[in-house]
Structure formats: C-alpha cells, structure tokens
Student: 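Sharing a structure here in structure tokens format.
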2 protein chains.
Amino acid sequence: MSPTPQERRAARHQAGPDKPAVRRGPSGGRKKPITVDAIVSTAFAIIEAEGYEALTMRRLAVALETGPSSLYAHVVNKEDLDELLIGRLCAEIELPEPDPSRWREQLVGVCTRLRDQYLRYPGISRAALAAAPSNLDTLRVSEGLLAIVLAGGVEPQVAAWAVDSLTLYVNAHTLEVSVANSRLRRADDGWVVSRDDMLRRFAALPETFPHTRRYAAQLTAGTTADRFHFTINLMIDGLPRTGQAT
Amino acid sequence: MSPTPQERRAARHQAGPDKPAVRRGPSGGRKKPITVDAIVSTAFAIIEAEGYEALTMRRLAVALETGPSSLYAHVVNKEDLDELLIGRLCAEIELPEPDPSRWREQLVGVCTRLRDQYLRYPGISRAALAAAPSNLDTLRVSEGLLAIVLAGGVEPQVAAWAVDSLTLYVNAHTLEVSVANSRLRRADDGWVVSRDDMLRRFAALPETFPHTRRYAAQLTAGTTADRFHFTINLMIDGLPRTGQAT
DNA sequence: TACGGGAGTAGAACGGTGTTCGTTTCTGCT
DNA sequence: AGCAGAAACGAACACCGTTCTACTCCCGTA
C-alpha cells in the first residue's frame, strides 16, 4: 500500500523520517511534478505576495498549473496544508544552544525570529493558532524554548507553562499586526490609520472615558515592535527563578 | 434621510446614543419584526448552541424565518455583525470601581469575566481579534482596565501597553481553548484527547526532545483555567509600580 | 379619502470557497 | 507487450457572503 496523505499526516505527529516517495504516474510529461514540497513552496510564495487570505486551493492549483482536485492527492485538506505550512515555518527557526548566562536574550531572540517569520507571511498566524500542538516541527521549537527557560533556572512547572504562554502571545501578536495591516491596506472606509487620527479620536471621546482621553498619547505610543518586546519582557521578568543564573 | 446600516456603523465609533428607530414597513404582519437587536440575539443563540463556525448569514436568516438578503437592511456585512456581537459581549462586562488596595484581584476579575463571556460563545474570539479597537464598547472595557491598573500605581505608559497585552492574551487564550474544544468535539482522527494520550505521546518522542520527554508531566499539567490565571498573574506581577499600592 | 413614495422584506442569482466523483493518462514491472 | 495501479484532472456538489430586483405594506401629504 502506498502512503496516502492521511497516513503521511498521521506520521507527521510521530517519530521517524519520511521516505522520499519515489516518483510515479504521468508526472514525466509535466515540467514540474506535483509534490508536497512544491505545494508548500508555492503556497508560501502566494502568502508572501498576497497574504494568507489569498491562499485558496484554487489559487494554489492555478499557480501549479493544474486543477484543484489534483492537490488532494498530496494533501488531506486545507487544514492539513495549514499544518504543513506552519511545520515548515517552524522548521526554519534556528534554536541556540542554551546559555544560562544569556537565557533572557536567547528567549527574546527566538521569539523575535518566530515573530519575523510569521510577519513575513501575513495572516499565517491564523493557521498557527488552529494547528494541533502535537506537530513535530512546532514541538521542536517548544523544546528549544523550554531548554532555554530551564537553563535560566526556572522551575520546570513554571517553565512549561511559560513557554506555552510565550508562543501563544507571539501568535496572537502577529495575527493582530497582520489583521491591522490588511485593514490598513484596503482603506475602504474612513477608518483609523495614522496615530494622529487615533489621538484625535480618543480626544473626542465623551467624559465617560477619562483615562483613555488623558493618556491617549501613551495608548497610541510605540511601534508594534516596541509593544512586542514590552510584553515579552513583561512575561519573562515575571518568571520566578530558583536557580543561580542572572 | 434614514439611518442606513453604514451610517449606524460609523456612529458606533463616535459618541451619542442611537435613536430607537421607529418601526415601519410590512413588519406588522410578522410575528417578530427584524431588528438589529433581534439579529444579534439570535446570532448569540446560534453561537452558544453550535459555535461561531456555525454562524452564517444563511443560518441566521433561517433562524429568523427569513431570507439572507433581509439581514443586509440592518447589517452592513458579516464583519459588521461580528463587531455588533463583540460590542454587546463587552457591554455586558461589569467594571468595578477601582480600589488601589485590591487592584490585582480586580484586574484578574475583569479578565476572568471577559474570558467566561468569550468561552460561553465558542469561537467568538476570532471575531474579537479581527474587530477594530475603536469600537465604543470594547473601548469601555479598556477604559475600565486602564483605570484599575492606574489605580494600582503603574506608570501610565506601562499601564497603557499592559492593558493591550492583557486583552490580547485573553482573546488568544479563549480562541485556543475554543479551537481545542471543537477539535475534541469532532473526534474525527485518532487525535490527542486525554492527558494520558498526551503523556504517552510525549514519552514516545525521539531523543531529540529531551526536555519535552523529561517534563511531560509539567507540560500537560493543569487545567486551562490554571494556565489562564498563571499567565495573567505572570503579566501582572511583571508590572513595575511606582506608587504606593500593594 | 386617495395616493404616491419609501422603507422593510424576500426570492433568485452571482461569484467564490473547500471538497468529491468518475475518468483519463501515464509509468514501472512482470 | 500488456497490465496493475498511481497520479492528474474536469466537472460537479454543497455551501458561503453578497447583490439585484421585485414586491408589499405603512405613513404623510394633497
């Protein structure tokens, strides 16, 4: 029996490398045979150019010069494709060797790399949030983060939960940024865009919003990167450490 | 000129109460006239019973015993409906009078109420994440949170960003829980369900995952509520305070 | 009192989505 | 050479959000 996409998907959550899948079928006539790798690559190209919203099975099929049904020989469904995407995305994250004296910056570094990868492919966080946490590639990143936090002298239980919280926040942050960017891109309505608009809007609020009016400057201050690092450091600084590291 | 849905939507981001919209048209023959309020109410009923994924314009129209097009006289589009939903959801959140001596528990309390509201309507966080932050009802909750944090003696700039981080985390957390629940509900594949399954799976990991294997117990420990309070407290405890409050 | 305009309702349809069915086409092996 | 079987594909299904257009009924005005 041949490896159906279903079996391949199940295997992706287990151990063991997947065999290179010998080529068969009428692919010799094609310029480029349809493989899972080719599907994922062109999917990434579409997302990078037009955003995750533009990634449909039909659009993907057109890019591969075939019909939509041809994809389902390699991919179970779109949810499976999403999983493949975030899998490859996580696979490209390089993890440092944990250094107890530099665990904070190492942690921030990995989170930042993760964020950059997510932002490079706008909207893909949506797929990441829906993905199962048992994927081997995502698990690899979690393992790396866990190693760093543990090296920092954080109690295992706290470290385990903290890693989850951090990754969840990175996902949510990138999703919010992507959504905001896409809303900004299609400036359909007279929507809020610039910081001045935001400030003026806050200032025009009724007196039921005293603090929002008073601190409008602070509420609208900072770039998304500033807010990202603020929150990441907020969570890291809150970690109680039993160990010796700085 | 009459208030079209577009105007009503724009007004929702400004000040001033909306007029009760006198009834006209052939609605006298209907048992229940179609109003924005009725639409939102039945939408919530659908979400509560079948989840946000089941909320479609057609499904909503059927529940209201009408056609899909009839809804568009009261709602601009589905995005607008989403905004109305999270608006009402936030409107039902009661905010305490800030008490500097109890600001931590007040903060946790509001976040927990917010979480409970989100979880009551599974998947609605997806709409909340996409919603514009300038909605008056969501702004009201932010104002309340900001007041509490400021009362706790936190520097305005830190408080402003912290409120954003907290609300974003609540959204992300509830979305993750909802997704996990729905995946658990439709146990299609041999998917991970129980904690024992998770433990066994982690134990079966290759030696490339030493920490994940070693601390599988910690990684799978705790309920979602435990993890929620852990992260919320993590962020709150990280807040540097200049003031005098506890 | 008669009437016309307009708001509310609704059916049908358009373009799009993910997915499946049945068939065709080609390959590697016997 | 012939065949089993895998890959590719065109057409179709069910569903989505949304729009077009016609219709119905109320109300203010003449």
Side-chain angles (χ1 to χ4, degrees), chain A residues 1-9 19-39 43 46 50-83 126-127 130 188, chain B residues 1-9 19-39 43 46 50-83 126-127 130 188:
Chain A
M1 57 191 192
S2 71
T4 72
Q6 285 80 357
E7 297 165 342
R8 176 193 46 71
R9 177 183 192 179
K19 37 195 76 168
V22 287
R23 285 293 313 133
R24 293 225 284 183
S27 58
R30 295 185 54 85
K31 295 165 293 186
K32 292 180 182 177
I34 300 179
T35 63
V36 176
D37 230 56
I39 290 177
I46 291 175
E50 312 173 32
Y52 178 75
E53 306 275 311
L55 178 69
T56 70
M57 300 301 259
R58 286 179 154 83
R59 176 83 185 74
L60 188 54
V62 168
L64 286 165
E65 296 178 339
T66 178
S69 59
S70 302
L71 305 175
Y72 287 85
H74 309 271
V75 161
V76 179
N77 46 27
K78 187 157 196 294
E79 184 184 334
D80 183 34
L81 175 61
D82 290 342
E83 198 173 306
R126 170 156 270 114
D188 36 12
Chain B
M1 58 194 192
S2 73
T4 72
Q6 284 81 357
E7 296 166 340
R8 179 190 46 70
R9 178 182 192 180
K19 37 195 75 171
V22 287
R23 286 290 315 131
R24 294 226 284 184
S27 59
R30 295 185 53 85
K31 294 166 293 188
K32 292 179 182 177
I34 300 178
T35 62
V36 176
D37 230 56
I39 290 177
I46 291 176
E50 311 172 34
Y52 178 74
E53 306 275 311
L55 179 70
T56 70
M57 299 303 258
R58 285 179 153 82
R59 176 81 187 74
L60 188 54
V62 167
L64 286 165
E65 296 179 337
T66 178
S69 59
S70 301
L71 306 174
Y72 287 86
H74 309 271
V75 161
V76 179
N77 48 25
K78 187 156 195 296
E79 186 183 332
D80 183 34
L81 175 60
D82 290 342
E83 199 174 305
R126 171 154 270 118
D188 38 11

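Quick note on labels: first sequence line is chain A, next is B, and so on, each numbered from 1.
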Student: Do any N or O atoms of the protein come closer than 3.5 Å to N or O atoms of nucleotides 11-15 of chain D, and which pairs are they?
Tutor:
from   : atom 1 : to      : atom 2 : distance (Å)
D:dA12 : N6     : A:Arg58 : NH2    : 3.3

Student: Measure the distance from CG on A:Asn77 to C1' on C:dT17 and round it to the nearest whole Å.
Tutor: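 Spelled out: CG on A:Asn77 to C1' on C:dT17 is 14 Å.
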Student: Would you kindly give the NZ-to-P distance between B:Lys78 and D:dT18, to the nearest whole Å?
Tutor: 8 Å
Student: Less than 4.0 angstrom between a side-chain N/O of B:His74 and OP1 or OP2 of C:dT9, yes or no?
Tutor: yes
Student: Who are the side-chain hydrogen bond (donor to acceptor under 3.5 Å, both in side chains) partners of A:Arg59, not counting sequence neighbours?
Tutor: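 Partners of A:Arg59 by the side-chain hydrogen bond (donor to acceptor under 3.5 Å, both in side chains) criterion, ordered by chain and then number, come out as A:Glu50.
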Student: Where is the tightest heavy-atom contact between A:Ile46 and A:Ala54, given as atom of each residue plus distance?
Tutor: CG2-O, 4.1 Å
Student: Determine the minimum heavy-atom distance between B:Leu81 and B:Met57, stating which atoms define it.
Tutor: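 Distance-wise, the nearest heavy atoms are CD2-SD, 4.2 Å.
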Student: Tell me, please, which residues at least two apart from A:Glu53 pass side-chain hydrogen bond (donor to acceptor under 3.5 Å, both in side chains).
Tutor: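 Residues passing side-chain hydrogen bond (donor to acceptor under 3.5 Å, both in side chains) with A:Glu53: none at all.
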Student: Can you tell me how far P of D:dG17 sits from CD of B:Glu79, to the nearest Å?
Tutor: 13 Å
Student: Round to the nearest Å and state the distance from A:Leu60 atom CG to C:dT19 atom C1'.
Tutor: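 It works out to 14 Å between those atoms.
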Student: Starting at CE of B:Met57 and ending at P of C:dC14, how long is that distance when rounded to a whole Å?
Tutor: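 It is 20 Å, rounded to the nearest whole Å.
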Student: Taking side-chain contact (heavy atoms from CB on, under 4.5 Å) as the test, write out the residues that go with B:Ala61, two or more places apart.
Tutor: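 Per chain and number, B:Ala61 pairs via side-chain contact (heavy atoms from CB on, under 4.5 Å) with B:Thr66, B:Pro68, B:Leu71.
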Student: Nearest whole Å is fine: how far is D:dC16 C1' from A:Glu53 CD?
Tutor: 14 Å
Student: Mind listing the closest non-hydrogen atom pair of B:Ala38 and B:Leu64 along with its distance?
Tutor: O-CD2, 4.3 Å
Student: What's the CG-P distance between A:Leu55 and C:dG16, to the nearest Å?
Tutor: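 Taking atom P of C:dG16 as the reference, CG of A:Leu55 is at 17 Å.
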Student: Rounded to whole angstrom units, what separation is found between the CG atom of A:Asp82 and the C1' atom of C:dG18?
Tutor: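 Between C1' of C:dG18 and CG of A:Asp82: 12 Å.
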Student: Side chains of B:Asn77 and B:Asp80, heavy atoms from C-beta outward: is any pair under 4.5 Å?
Tutor: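 The answer is yes, as the side chains (C-beta and beyond) meet within the 4.5 Å cut-off.
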Student: Ignoring the backbone of B:Tyr72, work out which of C:dG18, D:dG17, D:dA8 is nearest its side chain.
Tutor: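 Of all the options, the side chain of B:Tyr72 is nearest to D:dG17.
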Student: With the side chain of A:Ser70 defined as its heavy atoms from C-beta on, choose the nearest nucleotide among D:dG17, C:dT20, D:dC9.
Tutor: D:dC9
